[in-house]
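What follows is a set of notes on a single structure, which appears directly below.
Here the structure is a predicted model, which is why all the values come from computation and not from measurement. The first residue of the sequence shown is numbered 1, and numbering continues consecutively from there.
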Amino acid sequence: MRAYTFFGIAVVAGSLIAGTITSVQAVEEGQLVKKDGKWKYYSGEDPGLKYLFLKGIITQEEYDKGLRVLETREQIAKPNYSIDVNNGLNFRVGSKFFLKLRLLTQVRYSHSAYNGGWGTVGDSRNPEILGGQVEYRAVSKQSDSNQFSVPRARLQFLGYAFDPDFRYNISWAFDQTTWDQEGGSGRAGLLDAYISSWHIPWLTIQAGQQRVWFNRATISSMATSTFADNLIVQNAFAANQQGSRDIGVSISSDEDQYKFNYTFGIWGGVGANLAREGTAVSQALPNNSSLPTAQRRTFNYDTRILTGEMMYTVRLLYKISGNPGYGQGDILNSRTPQMAIAFGYAYNPAQNYLSSIRSDITDRAYRQRVTKAYNGRLLGGGIWDFQTYEADFIAKYQGWSFQAEGYYRHQRVRNADSGTIPFDPVTTTVLGPAVNLGQAYGWYAQVGKYIIPRKLEVAVRYGFMDPSTQQVDDLVKEFGAAINYSFDGTYNNRLVVDYSNITLGSGGRAPDRFPFESQPGFGRDLIENRINVQYQFFF
């Protein structure tokens, strides 16, 4: 068989070189195919048809006609789809349908060491949401911690249907969190669900649950992040004050095609998987002589107010040079400078923070997101109108990367009670006069360098936030350093090790929040030193 294989190859090659293939010769057609690590010659001809021709039973013309019939039959019978592996599992059916399946898994070990302030006064500005009939509690850390977790486990289905410019993306998150008061850690949750039209490059339309194109830090995927987690300041200044995603419609230009780009969006403004009708407010029942006064606070109305307003965002980006994209490091080892500058604005009116945590059993999940983004001190302040501004810059060149952002948020209390009574005044402890939080601002800067191109990167960053300009001793400061190694020169298979020094001021008051001013060490800085070791598998 091996001799026959080489003989067939020699015949075809020799004939081509000598120019001896004519219309009266039936030279065997085929191809070399590699299977099980060995190259084999595969004949593309029908053996029965060839036998008839060689015996002289059929003519060359009949032979050629028979080949065309067999080729047509084979094309019709051949499946009109293909499957391959390239940054995920790819399914193609003709030119009308494409599906890519991707899986992201991050496995992490974390060690945190806390100073004495965490064990005394703790953090009463961003309390854990315990729900039910409980009071505010300061988050206290009595000892160091060691934890294993899977902070991100995500399954993504994306592609196009009907034509390549009609696209879709559906993603599920199975994230775990050590900070979970709703019992949802590790459960499946809808992350993305949108369809988009890319038929007009300067007017692409995307509708559904998606990333809010506002500030660079929340646009960037954590799969391409140099660090294991975002800085506190990066998450706190999300357009909706809680996370990177929301439900709505966005119109934008294709950033891969133009130097100047825009994005305009209209959103629900209350985050993923939630509409404003779901942001209810508990309200004390009116006087009822059949109920003792002390029990009135346990009965709540499910009040919905100001559900007709929406969030609006605008982002403008200019690519000074090249196309830096949204990945943080210069993993491509750019040979020419890649630079861009952008500005964003978000208006999120009528945010229902009237309900604070105490004794409020309605929609704790919504308030938990706000608190997790370190905006918990706003809860209980009333109905807020937020205007958030941001500016960001990024540069990449020969393995170096630099990015920075500045934020400012105007925080206006539209109404402190909006006509509702969240708690019975008789049973509510008055904690002091009304609190003016003022405005909020912050910034960060990050520098990185690939010591070994596409393999080994080191980086440092620093972030600062003043969450309430009218309060004191409440600043947030964070320093970080990271080293990450890519095993295959991509983000698909890499190890990230980072260190963070986080300083939180425990001072400053908040609406309807016991200030813990009588506790020893009130106003003292709360310091955490954290080390993360994280492996990322991205198929």
Side-chain angles (χ1 to χ4, degrees), residues 110-127 138-141 144-145 179 215-218 220 225-238 241-242 328 370-378 388-393 402-409 411 437-448 458-483 497-510 513 515-517 519 521-532:
S110 299
H111 170 77
S112 293
Y114 305 96
N115 73 335
W118 277 106
T120 53
V121 62
D123 180 16
S124 60
R125 306 286 73 83
N126 293 282
V139 179
S140 298
K141 310 287 188 178
D144 296 348
S145 69
W179 198 95
N215 63 322
R216 175 170 292 276
T218 55
S220 301
S225 174
T226 300
F227 289 77
D229 280 318
N230 278 345
L231 292 161
I232 291 174
V233 66
Q234 292 173 321
N235 291 330
F237 285 93
Q241 291 76 55
Q242 56 173 287
Q328 293 186 1
V370 174
T371 304
K372 191 174 181 180
Y374 277 83
N375 288 315
R377 72 192 68 229
L378 296 167
T388 308
Y389 306 82
E390 76 87 33
D392 63 78
F393 174 79
F402 171 78
Q403 70 178 58
E405 286 190 75
Y407 309 100
Y408 178 81
R409 184 167 65 215
Q411 306 171 154
L437 297 181
Q439 315 310 320
Y441 72 93
W443 57 269
Y444 78 88
Q446 176 176 315
V447 180
V458 295
V460 293
R461 65 182 182 180
Y462 183 80
F464 172 89
M465 181 173 74
D466 185 350
S468 50
T469 56
Q470 295 298 314
Q471 300 295 306
V472 296
D473 298 325
D474 63 349
L475 300 181
V476 177
K477 292 170 280 187
E478 189 170 356
F479 168 80
I483 180 170
V497 180
D498 68 14
Y499 162 78
S500 297
N501 176 270
I502 304 169
T503 302
L504 306 177
S506 64
R509 293 205 58 184
R513 194 73 47 81
F516 292 86
E517 294 171 345
Q519 294 291 325
F522 180 78
R524 178 182 176 183
D525 284 341
L526 310 176
I527 301 174
E528 176 186 357
N529 289 287
R530 180 189 304 161
I531 296 175
N532 293 313

Revision key, fill the gap. For residues 462-476, the side chain to side chain donor-acceptor pair (under 3.5 Å) pairs (sequence neighbours left out) are Ser468-Asp474
Practice item. For Asp498 and Ala228, indicate whether the former's side chain and the latter's backbone hold a donor-acceptor pair under 3.5 Å. Key: yes
Study note, to complete from the structure: When every non-hydrogen atom of Ser145 is compared with those of Tyr114, the smallest separation belongs to OG-OH, 3.7 Å
Exercise for review: Would you please name every residue forming a side chain to side chain contact (heavy atoms under 4.5 Å, CB included) with Val472, sequence neighbours left out?
Suggested key: none
Check your understanding: Would you call Phe464 and Leu475 a side-chain contact if the rule is heavy atoms closer than 4.5 Å?
Key -> yes
Point to revise | Set of side-chain hydrogen bond (donor to acceptor under 3.5 Å, both in side chains) partners for Ser110, sequence neighbours left out | key: Asn532
Point to revise | Listed partners of Glu528 passing side-chain hydrogen bond (donor to acceptor under 3.5 Å, both in side chains), at least two apart | key: Ser112, Arg530
Point to revise | Test item: Arg409 side-chain N/O and Ala236 main-chain N/O as donor-acceptor pair under 3.5 Å | key: yes
Exercise for review: Examine distances only and state if a side-chain atom of Gln411 and a backbone atom of Gly438 form a donor-acceptor pair shorter than 3.5 Å.
Suggested key: yes
Exercise for review: Could you pull out all residues at least two apart from Ser500 that satisfy side-chain hydrogen bond (donor to acceptor under 3.5 Å, both in side chains)?
Suggested key: none
**Study point:** Residues which pass side chain to side chain contact (heavy atoms under 4.5 Å, CB included) with Ile483, listed by chain and number, not counting sequence neighbours
**Key:** Leu456, Val458, Val497
Check your understanding: In Å and rounded to the nearest 0.5 Å, what is the OG1 to CD distance from Thr388 to Gln241?
Key -> 5.0 Å
Point to revise | Minimal non-hydrogen separation, Gly505 against Asp525, with atom names | key: CA-OD1, 3.8 Å
Check your understanding: Hey, what do you get for NE2 (His111) to OH (Tyr499), rounding to the nearest 0.5 Å?
Key -> 10.5 Å
Review point. What distance separates Ile232 CD1 from Ile502 CD1, expressed to the nearest 0.5 Å?
Key: 5.0 Å
Revision key, fill the gap. When rounded to the nearest 0.5 Å, the distance separating CD1 of Ile527 from NZ of Lys477 is 8.5 Å
Check your understanding: Got Phe237 and Glu390 here, is their nearest side-chain heavy-atom distance under 4.5 Å?
Key -> no
**Study point:** Those residues that, when tested against Arg216, pass salt bridge (Lys or Arg N to Asp or Glu O under 4.0 Å) (two or more places apart)
**Key:** Asp392
Revision key, fill the gap. Heavy atoms of Ala482 and Thr226 approach each other most closely as CB-O, 3.9 Å
Study note, to complete from the structure: Distance col, row Ser225:OG vs Gln234:CD, nearest 0.5 angstrom, shows 7.5 Å
Practice item. Could you check Asn115, Asn501, Asp144 and say which one makes a side-chain hydrogen bond (donor to acceptor under 3.5 Å, both in side chains) with Asn529? Key: Asn501
**Study point:** Exercise: identify the closest heavy-atom pair between Tyr374 and Met465
**Key:** O-CE, 4.4 Å
Exercise for review: Would you please name every residue forming a ring-ring contact (aromatic ring centres under 6.0 Å, His included) with Phe402, sequence neighbours left out?
Suggested key: none
Review point. At their closest point, which heavy atom of Ala440 faces which heavy atom of Pro467, and how far apart are they?
Key: CB-O, 3.5 Å
Revision key, fill the gap. Across all chains, not counting sequence neighbours, the ring-ring contact (aromatic ring centres under 6.0 Å, His included) partners of Tyr389 are Tyr345
Check your understanding: Which residues pass the side chain to side chain contact (heavy atoms under 4.5 Å, CB included) test with Ala373, sequence neighbours left out?
Key -> Asn375
Revision key, fill the gap. When every non-hydrogen atom of Thr120 is compared with those of Ser140, the smallest separation belongs to O-OG, 4.2 Å
Point to revise | Gap between atom CG of Asn230 and atom CG of Asn235 - 0.5 Å precision | key: 4.5 Å
Revision key, fill the gap. Sorted by chain and residue number, the side-chain hydrogen bond (donor to acceptor under 3.5 Å, both in side chains) partners of Glu405 (sequence neighbours excluded) come out as Tyr407, Tyr444
**Study point:** Leu437 and Leu378, any side-chain heavy atoms less than 4.5 Å apart
**Key:** yes
